[in-house]
Amino acid sequence: MDTLKDLLPTRLFEVLEKAGICTTKQIIILSVWDIKKLTNLFNDDIKLLKNILSNNCSPVSISGNSLEDKNVAVKTGCASIDKILKGGFRIGTLTEMYGESGSGKTQIALQTAVYCGTSGCVFICTEDLFPVKRFNQISQYVWHDIKDTECKKNIFIEHLTEAHELISCIRVRLPKLLKFNKISAVILDSVAAPFRCENTNYVQRAEELKELAILLLNIAQEYNIAVICINQVTACFTGSDDVLPTLGLVWSNLISCRLKLTKTIDYRELTIAFAPHLSNAQGAKFIITKNGIEDMENILINK
Ligand code: GTP
Ligand code: MG
């Protein structure tokens, strides 16, 4: 960083030096009146001094466009989904994906884990065991032989079924792992299962969910990681066919983004339920093939 002598006009620097004002911090902190009292400089000179120094030590400003160019997302590898998510799952945030059974939640999660590649991923299963065969199938297609092995070295898998086990894993073991390994995404498939058991103590459940969400959010922010939580659905009380995400208001208020998955006979679709940085105007259509999740448009063009 430049010294005061390099930054200021010689005339002003000499007056300040005589008055014993020798650091940038002093000039910024002292009021115009204080500097005037110590140096006898004119108000305009003092303002000039303050402007020069504050411009010199202010943070570099970056535009929205350059922010988007930076590596702020973990991609899914499906072009239409990555497009509407502006690159993929945003790092530093907690994203929830919900949808009915078979809508493709686990497939998107698996493909995202594959695309993390050498930048590492933690995959916590709470329902079925980790689908190793399917992961290998997608990984082989995406990375072929060379990177496939490396990709597998960088995925950490855990299977937990109880809420207290999950919370203790996120609180104690996960940060230790993150300190010593490069990880870009933590995936939880699903967050609902451990909390949907016959536990009728709803206050305790809400407290545990709150703790889990806060822990995950802190991890996302502290380690610059995309945290992706899969949620299940519950029927709508109004009697319509639509479904709602489970886990209630406490959970909903703590997540940063919510994505909804739906399925029709021909395709599946991801839409944005809410996300501060995304537009929810349109959805991303995709299909599930042996290679993973693929952009519906691409498949139609290639046909
Ligand atoms: P739940 O876990 O039951 O809530 O559903 P989910 O949303 O996680 O569904 P998942 O992501 O497991 O997607 C299920 C769909 O993916 C199935 O209906 C199949 O169509 C497709 N699928 C799953 N595994 C394979 C596979 O190995 N090959 C192919 N081609 N498709 C698969
Ligand atoms: Mg699933």
Side-chain angles (χ1 to χ4, degrees), residues 74-82 84-85 88-89 95-116 121-144 148 151-152 155 157-161 163 166 185-197 226-236 241-248 251 255 257-273 283-296 298-300 302-303:
V74 173
K75 67 176 178 177
T76 66
C78 173
S80 58
I81 297 182
D82 289 340
I84 69 158
L85 297 183
F89 295 104
T95 303
E96 178 205 80
M97 254 195 308
Y98 81 96
E100 60 186 296
S101 180
S103 55
K105 303 180 294 291
T106 302
Q107 302 303 308
I108 294 182
L110 281 176
Q111 186 155 312
T112 306
V114 167
Y115 270 89
C116 283
C121 174
V122 173
F123 203 110
I124 304 172
C125 309
T126 63
E127 298 179 5
D128 304 323
L129 289 176
F130 183 76
V132 181
K133 221 172 131 191
R134 180 65 172 146
F135 177 83
N136 285 344
Q137 197 179 18
I138 302 175
S139 173
Q140 181 64 33
Y141 174 74
V142 173
W143 299 120
H144 308 290
D148 180 43
C151 169
K152 283 176 202 155
I155 176 159
I157 301 162
E158 180 60 290
H159 186 251
L160 302 160
T161 52
L166 176 63
V186 171
I187 299 171
L188 183 51
D189 185 6
S190 73
V191 68
F195 294 95
R196 288 198 90 182
C197 53
V227 177
I228 304 151
C229 294
I230 289 174
N231 195 0
Q232 294 166 346
V233 293
T234 184
C236 205
D241 285 344
D242 202 10
V243 285
L244 294 172
T246 66
L247 302 178
W251 173 257
I255 54 177
C257 313
R258 169 166 275 165
L259 311 175
K260 180 180 182 179
L261 286 166
T262 45
K263 63 170 177 177
T264 65
I265 301 167
D266 300 324
Y267 60 86
R268 290 170 169 80
E269 187 168 17
L270 181 141
T271 48
I272 289 145
K285 293 186 176 129
F286 66 94
I287 56 169
I288 301 172
T289 68
K290 67 175 185 348
N291 301 330
I293 47 161
E294 296 196 63
D295 197 341
M296 169 114 156
N298 280 355
I299 299 282
L300 291 178
N302 292 337
K303 260 190 180 173

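Everything numeric in this text was worked out from a predicted model, so none of it was measured. Just follow the structure's listing: the first ligand is 1, and inside any ligand the first atom is 1.
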Between the side chain of [X] and the main-chain N/O of [Y], is any donor-acceptor distance below 3.5 Å?
X	Y	answer
Asn231	Glu96	no
Thr126	Ser190	yes
Gln111	Ile293	yes
Lys105	Gly99	yes
Arg258	Pro245	no
His144	Ser139	no
Arg268	Gly102	yes

Among [options], whose heavy atom sits nearest [atom]?
atom	options	result
atom 23 (C) of ligand 1	Gln111, Gln107, Lys290	Gln107
atom 8 (O) of ligand 1	Thr106, Ile108, Ile287, Thr289	Thr106
atom 3 (O) of ligand 1	Ser101, Pro131, Ala193	Ser101

So is Gly104 polar-close to ligand 1, meaning N/O to N/O under 3.5 Å? yes
Compute the shortest N/O to N/O distance between Gly102 and ligand 1 and return yes if it is under 3.5 Å, no if not. yes
Nearest heavy-atom approach of Thr246 to Trp251 is O-CD1, 4.5 Å
Atoms of ligand 1, numbered as shown, that sit under 4.0 Å from any heavy atom of [X]:
X	result
Glu100	7 (O)
Arg268	15 (C), 18 (O), 20 (O)
Gln137	27 (O)

For ligand 1, indicate whether the residue Arg134 contacts it via side chain, backbone, both or neither (heavy-atom separation under 4.0 Å).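 Contact part for Arg134 vs ligand 1: side chain (C-beta onward).
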Examine the proximity of ligand 1 to Asp128 and report which part, side chain or backbone, both or neither, has a heavy atom under 4.0 Å away. neither
Identify, for atom 4 (O) of ligand 1, the protein heavy atom at the shortest distance, and state residue, atom and that distance.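 Ranking protein heavy atoms by distance from atom 4 (O) of ligand 1, first comes Lys105 NZ, 2.8 Å.
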How far is atom 16 (O) of ligand 1 from its nearest protein heavy atom, and which residue and atom is that?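 In this structure, atom 16 (O) of ligand 1 has Ile288 CD1, 3.3 Å as its nearest protein heavy atom.
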Check for me whether Lys285 meets the cation-pi criterion with Tyr267, that is, NZ or CZ under 6.0 Å from the six-membered ring centre and within 45 degrees of the ring axis. yes
Would you say Gln232 contacts ligand 1, with heavy atoms under 4.0 Å as the rule? no
If the contact criterion is a heavy-atom separation under 4.0 Å, does Gly99 count as touching ligand 1?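 No heavy atom of Gly99 comes that close to ligand 1.
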Between Phe130 and Phe123, how do the two ring planes meet: parallel, tilted or perpendicular, split at 30° and 60°? perpendicular
Tell me whether the Mg ion (ligand 2) has Gln107 as a neighbour, meaning an N, O or S atom of it below 2.8 Å.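 Looking at Gln107, which is the residue asked about, there is no N, O or S atom under 2.8 Å from the Mg ion (ligand 2).
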